[in-house]
Amino acid sequence: METEKELCFERMPGRCGKHGFSALGGGHVGSRERKPGKGSEMRQSRTFIPTLKESPSDAEIASHRLLVRAGFLRKVAAGIYEFLPLGTRVVQRISRVVREEMNRAGAQEVILPIMQPRELWEESGRWAKYGPEMMRLKDRAERDFGLGPTHEEVVTDLVRSNLSSWRDLPLNLYQIGTKFRDEIRPRFGLLRGREFIMKDAYSFDRDEAGMQRSYRDMYDAYARIFTRCGCTWRAVEAATGLIGGDVSHEFMVPAAVGEDLIAYCGDCDYAANLELAEYRRAEPACGEGKPASKVHTPEKRTIEEVSGYLGLDPERFVKCLMLLVEGRPVAVLVPGDREANESKLERVLGTVEFRLFNEDDWRRFPQYLQGFVGPVGIEVAEVIADASLRGAGGLACGANDKDYHLVDVEEGRDFKPHRFADVTSAREGDACPRCGGSLHVEAGIEVGQVFQLGLKYSEAMHCTYDDEHGNTKPMYMGCYGIGITRLMAAVVEQHHDERGIIWPVEIAPASLHILPLDYQREGRRAAAENLYRSCLEKGLEVLLDDREESAGVKFADADLIGIPYRAVIGKAFDEDGLVELQVRATGERERMSAKRLLSRLADLGVRIRHEA
RNA sequence: CGGGGUGUAGCGCAGCUUGGUCAGCGCGCAUGCUUUGGGAGCAUGAGGUCGGCGGUUCAAAUCCGCCCACCCCGACCA
């Protein structure tokens with residue numbers, strides 16, 4: 001019956017598509033005539049919101065669990081999800097904020113393809129470099145394609161072939177679309193999916209200063225976006241990884257489930273991903289000038305074992321890590337109580353082709369005795385020491401002799417690294433590299449990253465322009481990403497309680513949830529319908545729970561779904577004709593007339609929305 | 001890719017050790033009546049190739065083999 005009505009409306013001239021759903025909802029209520037409002041219909045009885053009492057067994061973290069339970073999300077395969085109506089609305093809300101801020105910053109929206117020809121990726125060198133994380137496929141003519149994990153190549157190609165004058169720069173193009181990365185291990189629901197929605201933007205400038213200006217504009221836009229989305233966030237210096245470039249910041253949402261660690265200073269504004277966070281080294285301990293001596297340490301191999309056996313602090317040890325770097329052994333020296341930092345090593349070594357010795361490597365190079373290697377007298381292609389070991393004395397280390405260690409070793413006297421570098425991770429309490437203050441370490445979810453790419457892609461792909469003097473120059477590029485769906489999960493991580501989600505108003509699937517209890521009671525029902533209709537006419541996003549469910553069910557679902565404000569029509573209505581406004585976040589309740597409720601919401605900062 | 005775990009109704013699970021009244025429970029769903037300020041009650045009912053293939057056996061959800069999917073830890077990483 002409804003289908004017929006819908007079809008019928010579609011065929012009626014002069015009706016635009018966006019009211020199709022209104023017509024459907026309106027038809028359901030009865031024959032009352034009404035003008036279509038600005039807001040879109042959302043009657044719970046007619047909206048696909050399959051809530052679950054129990055948590056799905058594969059959901060571990062709050063955001064995943066709650067988004068599935070509240071009917072926003074369903075899984076299709078590992079790391080691949082369907083967004084149900086409520087989930088889709090949230091994606092649209094976030095996208096709207098992103099669009100507004102991107103447009104305000106002067107960027108222009110485009111739509112770029114997800115399937116991209118191999119040739120473009122050959123040009124940038126990333127067809128070979130990207131590895132199996134890029135999903136590759138062939139079309140019927142056996143041509144190679146990749147599903148875009150990111151869009152530098154395509155957008156660079158677009159710009160180089162259609163723009164060549166300095167007058168047309170700067171330019172900033174962005175899109176909001178689906179990305180695919182064949183993650184080695186998808187996990188945590190939306191936080192690390194394979195298919196996800198991302199906003200990516202690319203700026204093109206005439207020179208470095210222009211690029212820096214574009215970068216700053218994007219950085220500021222990001223700050224506004226994350227704040228509007230209700231996040232607590234922190235921008236940190238970041239590594240550039242596969243995207244490339246020199247300067248980069250990540251936008252992190254602090255959360256225990258975050259996969260990144262960040263260090264930030266309690267006293268100044270220094271903040272960086274732990275992958276590159278620096279710290280100020282303390283003055284190295286010096287020895288008492290005693291000559292190095294050999295001590296018997298039978299079967300003591302780990303720092304823990306040897307330090308316990310010799311009664312020396314682990315920090316007085318030199319941990320000698322054996323690395324296989326492009327097939328050659330390299331020794332890396334770090335203080336015994338410190339962890340080597342893989343991404344720092346990557347930059348210091350200038351390659352990603354390295355690993356810690358595995359069992360085979362120890363067998364292949366029997367001159368290195370596992371558990372007893374040390375810097376003194378070691379024969380190896382290169383010895384790299386962490387900066388904190390420069391000039392240190394009174395050290396203990398492996399003796400390169402089975403069951404022996406050395407003590408009273410001094411750097412400079414007993415061994416000399418080929419070079420010193422920063423190869424260890426900062427940790428809680430270390431000194432800030434800028435101000436010497438105390439560093440803190442916390443986990444965070446990366447929801448956005450901005451890069452100054454420089455000339456990496458424009459030179460490789462000949463993306464050039466002619467300047468005012470007729471000289472051909474490569475464009476300076478930047479790229480800027482926001483994980484829309486990841487942000488959605490991050491917000492839930494930050495905003496939920498034991499009962500469900502608590503959406504920030506700006507990105508909530510609706511602003512107001514109307515809960516008429518005992519819907520059959522005619523007075524209540526009419527009041528709910530009236531309130532609903534005036535909300536729609538005002539353009540307020542509203543969900544009406546018109547189901548014949550018990551009060552408990554309605555409250556429980558409402559808590560789970562997490563719409564920020566709730567209008568309960570129940571007892572108070574019978575007694576005084578009032579509705580009760582409830583605040584999801586705080587549980588506050590206040591009785592008022594339906595009329596006042598709307599102005600009250602406006603006072604509370606609920607934005608009246610118009611259909612996009 | 002290595003290690004561990006799980007696949008039984010839409011969801012959550014029991015049953016598997018010891019093969020045979022073993023196709024079960026709770027929630028959800030459908031119908032009817034009663035209920036409606038915190039996940040209601042009664043009654044009736046629908047729904048499952050027990051992940052797939054093969055094997056052992058008189059007999060397999062249960063034992064064996066292979067495969068697949070999903071989850072966790074690690075390696076790895078936008």
Side-chain angles (χ1 to χ4, degrees), chain A residues 50-61 64-65 68-69 71 74-80 126 129-135 147-152 179-189 191-198 200 238-244 248 250-251 259-260 273 275 342-343 346 352 354-356 358-359 445-451 479-483 485-486 499-500 515-521 524-525 545-561 566-575 578-580 582 587 589 591:
Chain A
T51 57
L52 260 25
K53 271 191 194 173
E54 289 174 282
S55 290
S57 59
D58 60 2
E60 288 254 312
I61 62 167
H64 187 194
R65 207 169 50 231
V68 172
R69 276 192 60 205
R74 286 293 184 271
K75 186 177 70 179
V76 173
I80 302 177
R126 291 206 299 177
K129 235 179 151 182
Y130 224 102
E133 194 173 292
M134 179 155 79
M135 188 80 195
L147 296 185
T150 169
H151 283 65
E152 284 81 4
K179 296 272 184 288
F180 196 94
R181 293 180 190 169
D182 197 3
E183 288 285 345
I184 201 161
R185 182 145 103 81
R187 63 185 128 179
F188 299 147
L191 285 187
R192 182 162 296 268
R194 293 193 290 175
E195 189 174 293
F196 55 96
I197 299 172
M198 184 171 166
D200 47 329
T240 53
L242 264 178
I243 308 277
S248 177
E250 287 167 329
F251 289 78
E259 296 184 88
D260 285 282
N273 193 305
E275 289 179 345
E342 211 175 303
S343 25
E346 193 176 307
V352 293
F354 68 91
R355 60 154 186 260
L356 268 175
N358 62 26
E359 291 305 314
I445 299 164
E446 183 203 331
V447 291
Q449 187 167 9
V450 291
F451 299 79
C479 76
Y480 318 92
I482 291 179
T485 45
R486 181 184 279 186
R499 290 206 283 240
L515 291 203
L517 306 177
D518 196 357
Y519 197 59
Q520 277 312 309
R521 286 205 219 173
R524 293 182 179 183
R525 175 174 171 154
D545 192 347
D546 58 343
R547 299 173 302 165
E548 317 255 331
E549 290 287 355
S550 69
V553 170
K554 290 189 175 190
F555 280 125
D557 276 347
D559 287 339
L560 193 56
I561 290 168
R566 186 180 301 168
V568 178
I569 296 173
K571 260 186 214 148
F573 178 78
D574 297 339
E575 290 161 16
L578 299 177
V579 299
E580 186 174 279
Q582 297 186 356
R589 306 162 172 215
R591 294 181 172 194

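Below, read A as the first sequence line, B as the second, and so on, with proteins coming before strands; counting in each chain starts at 1.
Partners of A:Glu195 according to the salt bridge (Lys or Arg N to Asp or Glu O under 4.0 Å) rule, which considers only residues two or more places apart in sequence or in another chain, do not exist here. Judged as a salt bridge (Lys or Arg N to Asp or Glu O under 4.0 Å), and not counting sequence neighbours, A:Glu60 has no contacts. For the side-chain contact (heavy atoms from CB on, under 4.5 Å) test, residues two or more places apart in sequence or in another chain that qualify with A:Ala59 are A:Pro56, A:His64, A:Arg65. Every residue two or more places apart in sequence or in another chain that forms a side chain to side chain donor-acceptor pair (under 3.5 Å) with A:Asp559 is listed here: A:Arg499, A:Arg566. Judged as a ring-ring contact (aromatic ring centres under 6.0 Å, His included), and not counting sequence neighbours, the contacts of A:Phe251 are A:Tyr219, A:Tyr222, A:Phe226, A:Trp233. Remark: A:Glu446 engages A:Glu250, A:Met252, A:Asp260, A:Gln449, A:Arg486 in a side-chain contact (heavy atoms from CB on, under 4.5 Å) (not counting sequence neighbours). Taking A:Phe573 as the reference, A:Arg524, A:Ala527, A:Ile569 meet the side-chain contact (heavy atoms from CB on, under 4.5 Å) condition, with sequence neighbours excluded.
Using N1 to N3 plus N6-O4 or O6-N4 for Watson-Crick, or N1-O2 and O6-N3 for G-U wobble, each under 3.5 Å, B:G7 pairs with B:C68. B:A30: Watson-Crick or G-U partner is B:U44, with both key distances under 3.5 Å. Base pairing analysis places B:G24 opposite B:C13; the two distances defining the Watson-Crick or G-U wobble pair are each below 3.5 Å.
Among the protein residues, A:Lys75 comes within range of the sugar-phosphate backbone only, with heavy atoms under 4.0 Å from sugar or phosphate atoms but none that close to a base. In this structure, A:Glu575 reaches neither bases nor backbone, as no heavy-atom distance under 4.0 Å exists between it and the strands shown. Among the protein residues, A:Ala59 comes within range of no part of the nucleic acid, since none of its heavy atoms lies under 4.0 Å from any strand. Across all strands, A:Tyr130 comes closer than 4.0 Å only to sugar-phosphate atoms, never to a base (heavy-atom distances). Counting non-hydrogen atoms under 4.0 angstrom, A:Arg74 reaches nothing in the nucleic acid.
For A:Arg185 against B:G3, a side-chain-to-base donor-acceptor contact under 3.5 Å is absent. A donor and an acceptor atom sit less than 3.5 Å apart, one in the side chain of A:Asp557 and one in the base of B:G39.
Distances were taken from every side-chain heavy atom of A:Lys571 (C-beta onward) to each of B:C73, B:C76, B:G37; the shortest belongs to B:G37. Side-chain atoms of A:Arg589 lie closest to B:G38 of the nucleotides B:C77, B:G38, B:C72. Residue A:Val553 places its side chain closer to B:G39 than to any other of B:C76, B:C77, B:G39. You'll find that the side chain of A:Ala78 is closest to B:C70, out of B:C70, B:G37, B:C73.
Annotation: B:U31 and B:G47 have their C1' atoms spaced 15 Å apart (nearest Å). Only the C1' atoms considered, B:G48 is 11 Å distant from B:G24, to the nearest whole Å.
Remark: A:Ser550 is not in phosphate contact with B:U36, judged by side-chain N or O atoms under 4.0 Å from OP1 or OP2.
Put simply, CD on A:Gln520 is 11 Å from P on B:U34, counting in whole angstrom units. Distance, A:Met198 CE to B:C77 P: 18 Å, rounded to whole Å. With rounding to whole Å, A:Arg194 atom CZ is found 11 Å from B:A69 atom C1'. Taking atom CZ on A:Arg187 and atom C1' on B:C70, their separation rounds to 15 Å, with Å as the unit. At whole-Å resolution of the value, CZ in A:Arg566 and P in B:G38 are 13 Å apart. The distance from atom CZ of A:Arg192 to atom P of B:C70 is 17 Å, rounded to the nearest whole Å. Distance, A:Glu60 CD to B:C72 C1': 6 Å, rounded to whole Å. What separates CD of A:Glu183 from P of B:C77 is a distance of 11 Å, to the nearest Å.
For A:Ala556 and A:Leu191, each mapped to the nucleotide of RNA chain B holding its nearest heavy atom, the one lying further toward the 5' end belongs to A:Ala556. Between A:Val76 and A:Asp260, the residue whose closest nucleotide on RNA chain B is further toward the 5' end is A:Val76.
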Footprint string (nucleotides 7-15 of chain B, 5' to 3'): B base within contact, S backbone only, - free, heavy atoms under 4.0 Å: ----BSS--
Each nucleotide N or O in nucleotides 28-30 of chain B that has a protein N or O under 3.5 Å away: list the pair and distance.
| unit_1 | atom_1 | unit_2 | atom_2 | d |
| --- | --- | --- | --- | --- |
| B:G28 | OP1 | A:Lys53 | NZ | 3.3 |

